[in-house]
Chemist: 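Before anything else, here's the structure in question.
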Amino acid sequence: MEFAAAYPKKCTGYLAESEYCNAVMAGVPEDDLIRAARNYADACRRDRTAERYIKKAENWLRENVFMQYLKGAGNGADGTNAGENTTAHEKSINERLGELGDTGEFEGF
């Protein structure tokens, strides 16, 4: 709920929730996700980003965009601007889940 309140676009529903859980299961601390969402919201306000250009939360999480907003609004995790691409490969959440033994098969609740 704290993440949803911090994120700059409405993020309710199964997809956003499951991607959030995937990130946490992959080892991303919840505090980092919340801080990154706040930083992203700050950057969107500062840049006056139209809502239609703000990523849906599930895509923002699945694509690891949050990594660019961990250190602060507009600052990437490695000190670059958030919009810049870096040459370093960041493991996706799915890669991390695979390393932890997840097969990707739905096993039920």
Side-chain angles (χ1 to χ4, degrees):
M1 294 185 77
E2 197 172 344
F3 173 83
Y7 198 76
K9 191 174 199 174
K10 185 177 179 181
C11 63
T12 57
Y14 172 75
L15 293 175
E17 188 175 324
S18 65
E19 290 301 331
Y20 182 87
C21 291
N22 285 342
V24 171
M25 287 182 353
V28 180
E30 289 187 70
D31 289 340
D32 284 355
L33 291 173
I34 294 165
R35 181 173 58 249
R38 285 185 183 132
N39 291 339
Y40 182 50
D42 290 344
C44 289
R45 277 190 295 275
R46 183 190 66 235
D47 298 340
R48 296 184 178 147
T49 305
E51 185 173 346
R52 68 179 184 217
Y53 296 116
I54 297 173
K55 280 193 165 284
K56 290 183 177 182
E58 58 267 21
N59 296 331
W60 190 78
L61 290 162
R62 182 178 38 252
E63 297 168 7
N64 292 331
V65 177
F66 65 88
M67 297 292 288
Q68 299 172 354
Y69 293 92
L70 288 175
K71 294 218 177 197
N75 292 325
D78 60 356
T80 61
N81 287 332
E84 293 179 8
N85 289 331
T86 61
T87 56
H89 172 71
E90 295 174 356
K91 290 184 181 178
S92 72
I93 291 173
N94 289 333
E95 288 173 322
R96 288 280 298 136
L97 287 172
E99 290 174 355
L100 296 171
D102 181 42
T103 63
E105 295 294 317
F106 180 69
E107 298 174 8
F109 295 103

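Each residue takes its place number in the sequence, starting with 1.
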Chemist: Using every non-hydrogen atom in the two residues, find where F66 and A36 come nearest and quote the distance to one decimal.
Modeler: O-CB, 3.6 Å
Chemist: Start with the C-alpha gap between Y69 and D42, add the side-chain angles, then the distance that decides, and say whether side-chain contact (heavy atoms from CB on, under 4.5 Å) holds.
Modeler: CA-CA 10 Å; Y69 293 92; D42 290 344; over 6 Å; no
Chemist: Does the distance from a Lys or Arg side-chain N to an Asp or Glu carboxylate O, for E2 and R38, drop under 4.0 Å?
Modeler: yes
Chemist: Considering non-hydrogen atoms only, spot the tightest contact between I54 and T49 and give its length.
Modeler: CG1-CG2, 3.8 Å
Chemist: About how many Å separate SG of C21 and OH of Y14, when rounded to the nearest 0.5 Å?
Modeler: 9.0 Å
Chemist: Looking at K9 and E51, would you say the former's side chain and the latter's main chain have a donor-acceptor pair under 3.5 Å?
Modeler: yes
Chemist: Taking all heavy atoms of A37 and all of F3, pick out the closest pair and write down the distance.
Modeler: CB-CE1, 3.6 Å
Chemist: Report the distance from atom OH of Y40 to atom CG of L33, rounding to the nearest 0.5 Å.
Modeler: 14.5 Å
Chemist: What's the shortest heavy-atom distance between A4 and C11, and which atoms?
Modeler: CA-SG, 3.4 Å
Chemist: Are a donor atom and an acceptor atom from the side chains of Y20 and E30 found within less than 3.5 Å of each other?
Modeler: yes
Chemist: Rounded at 0.5 Å granularity, tell me how far NZ in K55 sits from SG in C44.
Modeler: 11.5 Å
Chemist: What is the distance from atom CD of E58 to atom CD of E19, rounded to the nearest 0.5 Å?
Modeler: 7.5 Å
Chemist: Specify the closest pair of heavy atoms between A16 and A57, including all atoms of both residues, with the distance to one decimal.
Modeler: CB-CB, 4.1 Å
Chemist: For E17, I'd like to know if atom CD has over 12 heavy atoms of other residues, nucleotides or ligands within 6.0 Å.
Modeler: no
Chemist: Say you draw a straight line from CG of L15 to CZ of R62; how long is it, rounded to the nearest 0.5 Å?
Modeler: 7.0 Å
Chemist: Once rounded to the nearest 0.5 Å, what's the spacing between atom CG of L61 and atom CE of M67?
Modeler: 12.0 Å
